[in-house]
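So you know, we letter chains A, B, ... as the sequences are listed, proteins then strands, and number each from 1.
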There are 2 protein chains.
Amino acid sequence: MRDANSLLASGQGWAGRPGAGQGMNSVGETLARHLASFGELPAADFAAVAALKGEVRDLPRQTDILRNGDQPTHVVLVLSGLLHRYTIGPEGKRQIHSFYLPNEAPSLETLYIDYMDNNLGAVVPTRVGLISHDQIYRIIDERPEARKLLWRQTLVQAAIFRQWLVRNSNLPAHMALAHLFCEMFVRADAAGLVEDRRCSLPLTQEYVADALGLTAVHTNRTLQALRETGVVEWRSGQLTVYDWPKLREIARFDPNYLHLRSTELAGRR
Amino acid sequence: MRDANSLLASGQGWAGRPGAGQGMNSVGETLARHLASFGELPAADFAAVAALKGEVRDLPRQTDILRNGDQPTHVVLVLSGLLHRYTIGPEGKRQIHSFYLPNEAPSLETLYIDYMDNNLGAVVPTRVGLISHDQIYRIIDERPEARKLLWRQTLVQAAIFRQWLVRNSNLPAHMALAHLFCEMFVRADAAGLVEDRRCSLPLTQEYVADALGLTAVHTNRTLQALRETGVVEWRSGQLTVYDWPKLREIARFDPNYLHLRSTELAGRR
DNA sequence: CGCTCGCTTGATCTCCTTCAAGGACAGTGG
DNA sequence: CCACTGTCCTTGAAGGAGATCAAGCGAGCG
C-alpha cells in the first residue's frame, strides 16, 4: 500500500508542468508517447510513430465521431476533452463501455475490425487527432516493436472491458463508484494529467450512472455517501482524491489489469 | 429475421457429421479453421498455420490451465470440452468473463500481454492444444493475412467482453439468460457444433449464475420461466433451441458483435 | 447403500429503481 | 438588470427485482 503522494510525486515527464504540452505536440507524438506507456518503444520506432501526420478536429459536446455501423478509415486520438464509447439498448438505455482521457487512443480496434458495433462520442467539447489507417498499417508492417505495442494497447482495452464487466456485475454501488474513480485516476496519472491529487473528470452524474449500470438517482445518493467519508470528492468536473490508500481499499482496486509500465503508479506487484 | 432451420442448414463443412473430425485434426488445423471463420485466409497462410505443431493435453474438470499472474509461453486451443475465463473477487465471488467452445482460441492475448490478470480453467474434462508463442510469432512476422486474422480474433474477444458488460449491467435476468444462450448457440454453430438445433453446453447453473452476475437460486427460477415458454431448453448439458426467432426476440440479440464471417448464421445486416 | 453434487422451492430482506418534484446555477434575451 | 429557460443536482416515498438464508429432493457414484 502506498500513499497518495508517491503516486503524485512520480513525475511523468512532459506533463509535470501545469497545462503544458498539449498544444505543442503533434498527433503522432501523442500516439508515440501513449504507446510508450505500455512498453519499451525503441527510439527509431518512437520517431517513426511521432512522425505520423494527423488531422486535428474539434468536436462539440455530445457529438459522435464514430457511429455504430461505420467503417472508419482513421484512428482517433484524444488531444483534449473526454470521449466515451457507448451503445444504446433496445429500450433506449445507454451503456457506456469506457471513457477516454487525453492522450489515449480509443479506436485502434478499427484497424482490423470491419465495422463499428458501438459509438464513440464526445462528452464535453473535445479535440481529437485523426491518423489514417494506411499510415498505421505501414508502421505495423515495418516496425515490429511499434506493432507489438499497438496490438498490446488493444489487448489492454479488452482487459479494461473485462474489469468493467466484473465491476458492474458484482460490486455494490459504492464500491463500483470508488472503483471507477480509481481507474480514471490512475489512467489520468499515466497520461500525466494528475496534479496536486486532482484531475479533470468532466462527466455528469448521468454519464457515471450509465457507465455503472445504475440510475442517476442512486448514483447521486451513493456519491454523497462517498463524499461524506472524506476520501474522495468529485465536483464540477474535478476529481480530487484525498486519501488514495483508503479509496483503493473501498474499491478493492488492483491496477494490474491496466498493464501500465510505470510501477510507481499504482503498486504493481 | 430468419428461422431456426436456415441457421442449422448452413453446413459448416467438416463438422456436419456426428462426432466426426475432432480427433483427426491437428492443433494447427483447428487454429487455421478458427481464423478462417473471421475472414479470408489465403491458402498458403492457411497451410502455414495448419502446419503448426501443438502439444495436446487433457485437463480434468475444474482445473486451471492458466492462472492469474502466469506468463504463458503457449497459446491455448480448445479441442473438446469447455473452458471458462474467470476471476475471483475479494469476497471470494467468482465472475466468469467468457466461455470457450471447442475450436476456439481463448488466450491469444497472451502473445503480447506480459502476464495473466485472470484465470483460464476447464469446466468439464477438456482436451486442449498448446502452440508455442515462438511459432505464432513467426507466422505473425511472415504472414500478414494470418496476422490480421489473429489480431482480429483478439479484437472480437474484446467486443464480446463489451457485450457481456452490457448484458450484465442492463438486462433483467430473463433477457440476460436468453442472451447468453443466443451467443453460445451462434458461436457453437460457427464452430460447427450445432446439430438438429442442439448443441452441447456442459455447464451447471452455478456457472451460468457466475457468468451473469446472478445467484444460482435466481438463475434457477429464471431458467424455469424461460423453459415454460417452450422457446429453449437446457438440461443435462444440452442446449436445445426450439424457436430461434423468439429466443432472439426475448434477448434482443444482435449477433453483429461476434463479427462472424458467415452471413447465413445469424442474420447479419 | 449412503454420500455428494446439482437442482428446486419457500420465505424474508434489501438494494436499487421508479416516479415525482424542488432547487441551484449558468446562459440568454428582453 | 432581471425574468426565463434548460441542465444538472438533490431529495422523498413507494415498489420491485434479485439476494439471502434454509431446507428438501433427485440422481449418479464409490
Side-chain angles (χ1 to χ4, degrees), chain A residues 60-63 82 84 89 91-96 121-125 167-180 200-228 232-239 250, chain B residues 60-63 82 84 89 91-96 122-125 167-180 200-228 232-239 250-251:
Chain A
R61 51 172 251 153
Q62 301 192 4
T63 53
L82 190 69
H84 69 307
E91 278 84 15
K93 191 161 182 180
R94 172 176 68 175
Q95 175 66 47
I96 294 175
V123 175
V124 289
R167 176 163 68 210
N168 291 11
S169 303
N170 278 327
L171 301 191
H174 69 281
M175 286 179 68
L177 187 54
H179 195 282
L180 177 62
S200 169
L201 193 62
L203 298 167
T204 66
Q205 294 184 4
E206 193 160 3
Y207 275 99
V208 171
D210 288 347
L212 300 180
L214 301 172
T215 57
V217 171
H218 196 241
T219 301
N220 178 287
R221 293 196 233 264
T222 307
L223 193 54
Q224 293 175 52
L226 245 193
R227 255 202 299 261
E228 274 167 21
V232 65
E233 191 178 33
W234 173 56
R235 271 187 194 286
S236 54
Q238 285 280 321
L239 180 68
I250 292 173
Chain B
R61 50 172 251 154
Q62 303 191 5
T63 53
L82 189 70
H84 68 308
E91 278 83 16
K93 189 161 185 181
R94 172 176 67 175
Q95 174 66 47
I96 295 176
V123 175
V124 290
R167 175 162 69 210
N168 291 12
S169 302
N170 279 327
L171 300 190
H174 69 281
M175 286 179 67
L177 187 54
H179 194 282
L180 178 62
S200 169
L201 192 63
L203 299 166
T204 65
Q205 294 183 3
E206 194 160 2
Y207 276 98
V208 170
D210 287 347
L212 300 180
L214 302 172
T215 57
V217 171
H218 196 241
T219 301
N220 178 289
R221 294 197 233 263
T222 306
L223 193 55
Q224 292 175 52
L226 245 194
R227 255 202 300 261
E228 274 167 20
V232 65
E233 192 178 34
W234 173 56
R235 272 186 194 286
S236 53
Q238 285 279 323
L239 180 68
I250 291 172

Where B:Arg61 and B:Val123 come nearest, the two heavy atoms and their spacing: CB-O, 3.5 Å

With sequence neighbours left out, what residues match B:Glu228 under side-chain hydrogen bond (donor to acceptor under 3.5 Å, both in side chains)? none

Range on DNA chain D touched by chain B, heavy atoms, distance below 4.0 Å: D:dG18 to D:dC21

In dot-bracket notation, what is the pairing pattern of DNA chain D, taking Watson-Crick (N1-N3 plus N6-O4 or O6-N4) and G-U wobble (N1-O2 and O6-N3) contacts under 3.5 Å, with [ ] crossing and | for other strands? ||||||||.|||||.||||||||.||||||

Could you pull out every donor-acceptor pair under 3.5 Å between side chains of residues 169-178 of chain A and any protein atom, sequence neighbours left out?
residue	atom	partner	partner atom	Å
A:Ser169	OG	A:Leu165	O	2.7
A:Ser169	OG	B:Asn168	ND2	3.0
A:Asn170	ND2	B:Gln95	OE1	3.4

Of all of residues 209-218 of chain A, which get a heavy atom below 4.0 angstrom from DNA chain C, listed by number? A:Gly213, A:Leu214, A:Thr215, A:Val217, A:His218

Salt bridge (Lys or Arg N to Asp or Glu O under 4.0 Å) contacts touching residues 167-176 of chain A (sequence neighbours left out): A:Arg167-A:Glu183

Leading and trailing nucleotides of DNA chain C with any atom under 4.0 Å from heavy atoms of chain A: C:dC16 to C:dC19

Among all residues two or more places apart in sequence or in another chain, which pass the side chain to side chain contact (heavy atoms under 4.5 Å, CB included) test with B:Pro202? B:Leu82, B:Val124, B:Ser200

So do the side chains of B:Trp234 and B:Leu226 get within less than 4.5 Å of each other, counting heavy atoms only? no

I'd like to check the side-chain hydrogen bond (donor to acceptor under 3.5 Å, both in side chains) partners of A:Gln62; sequence neighbours left out, ordered by chain and number. none

Suppose the criterion is salt bridge (Lys or Arg N to Asp or Glu O under 4.0 Å): which pairs have a residue in residues 203-221 of chain B, not counting sequence neighbours? B:Arg94-B:Asp210

Spatial distance of atom CD1 (B:Ile96) from atom CG (B:Leu180) [nearest 0.5 Å]: 9.5 Å

What donor-acceptor contacts under 3.5 angstrom involve side-chain atoms of residues 211-220 of chain A, with partners at least two apart or in another chain?
residue	atom	partner	partner atom	Å
A:Thr215	OG1	A:His218	N	3.2
A:Thr219	OG1	A:Thr215	O	2.8
A:Asn220	OD1	A:Gln224	NE2	2.3
A:Asn220	ND2	A:Gln205	OE1	3.0

Taking 4.0 angstrom as the limit, do B:Glu233 and B:Arg235 come out as a salt bridge? yes

Strand contacts (DNA chain D) in residues 219-226 of chain A, 4.0 angstrom heavy-atom criterion: A:Asn220, A:Arg221, A:Gln224

